[in-house]
Amino acid sequence: MSVRVRFAPSPTGHLHIGTARTALFNWLFARKEKGTFILRIEDTDLERSKKEFEVSILDDLRWLGLDWDEFYRQSDRLSIYREIAEKLLSEGKAYECFCTKEELEKLRGKGYDRRCLKLSEAEKETLRKERKPAIRLYVPKDGETRFNDYLHGELCFQNNVIDDFVILKSDGTPTYNFSVVVDDIDMRITHIIRGEDHISNTPKQIHIYNALGIETPIFIHIPMILGQDKAKLSKRHGATSIGEYRSMGYLSEAMVNFLALMGASYNDKQVLSLEELVEIFSLENLSKNPAIFDIKKLDFLSQEHIRRKSIEALTQLTIQFLKEKRLEHWTIDKSYLTRVLSILQTRIKTLKDVIIMGDYFFTEEFSRDVEIPIEEKKRLNYILPELVDALNKVDDWNATNLENKTRTFIAEKMLDSRWFLQSLRIIISGKKVTPSLFETLEVLGKEKTIDRIKKGMD
Ligand code: GLU
């Protein structure tokens, strides 16, 4: 039997780190097993579901490189849920419930007392004229429900803690557990890989499988992602959505690699592309221990994946990123951008670092993280005009010539070379740290270099 898995996000928010990791594990498993990866939008909660979130989730999945083979939207399938609920009704495995909100409110904490199960046909007929009924599943009160989770082993739940829960609401929409099971059956899902937070839903879902007389798929509940403080990952730990990391300039390769390492291990291999992950992925890589979110690891992976990029690919990604940041005017001279990136590539952790660390290549309004003290400025004002003269004489503007010229100048003027070169760096870039100074000047070009030194004297 070929593997069929699904990723089933609810479009009630942007794609979260934890949800994206669930998507990734399902996708990796499907691709590794040459199976089918299904994307199913679970939008039956009409109040909380928003089209814009569906669009944004799809966009983030594409960005991560997770393509899908089949696509479904639960709101397009309402008649199917109704049909199955009616089937259960006709077989006596479910029953109509006419209770009002107020009546149910009174039962709160006590559990549903099956009062509607006792209604006669005549009573139901009368009530049907007043209101539409919900449909409840008849859940056995005694015994227990067991299932084998791939990671957690056998889990056992007492049946008496589960009420006859609603499967179809009076407005005709299914409840979450019901639509999930109907779809998982209809879509012939073989493995359910999802977050541990769904374990408590599983016994309810198994009651639905039982009522329909269908065997359950294999359940694999993966551990939650926790912050460094071991609390469930949330906003207060920082950015939690994929979109936020994308906007911070992390490469999708790094994000995928990072997600794949949370709650799984691959023979100590760390830096892995999506293709490499498909190659080595197996359910046996998954761990049942909670995964800890470590931003330093993401930074490390991001830097590594940037290094692995060809300069052409990095240029293309940077152009895209700068456009998103409304800095398209930095991308007009593509070969200049490529030259800048060739000296920044080994230093940046994210595409945003191109802006933070390399703004001086593109604009005169670059940020300054250091200023030269006023006394030193006075000294420099005597020296710099002569440096300008010397640099003006450099015809072949390359790092070697620039270094020779500048070092000769330093020797002749008997300057403290560390001090002078660092001052020059700050004048040119506003930064304490840059790529090698002479390479920087080479890329920046003669005109801009001389211009900045002159400005530095004002
Ligand atoms: N729609 C559910 C969620 O977003 C997932 C359902 C499932 O995987 O069974 O949490």
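Whatever order the structure lists ligands and atoms in, that order sets their numbers, starting from 1.
Y245 is linked by a ring-ring contact (aromatic ring centres under 6.0 Å, His included) to Y250, counting only residues two or more places apart in sequence or in another chain. By the ring-ring contact (aromatic ring centres under 6.0 Å, His included) test, F258 pairs with F293, sequence neighbours left out.
Using a cut-off of 4.0 Å between Lys/Arg side-chain N and Asp/Glu carboxylate O, D184 and R6 are scored as salt-bridged.
Side-chain N or O atoms of R452 include one that pairs as donor or acceptor with a backbone N or O of I428 at under 3.5 Å.
The residue from R114, R136, K204 that alone fulfils the salt bridge (Lys or Arg N to Asp or Glu O under 4.0 Å) condition with D164 is R114.
The stretch residues 296-323 participates, sequence neighbours left out, in no ring pair (Phe, Tyr, Trp, His ring centres under 6.0 Å) pair at all.
Using a heavy-atom distance under 4.0 Å as the criterion, the protein contacts of ligand 1 are R6, A8, P9, S10, E42, Y176, V180, R194, H198.
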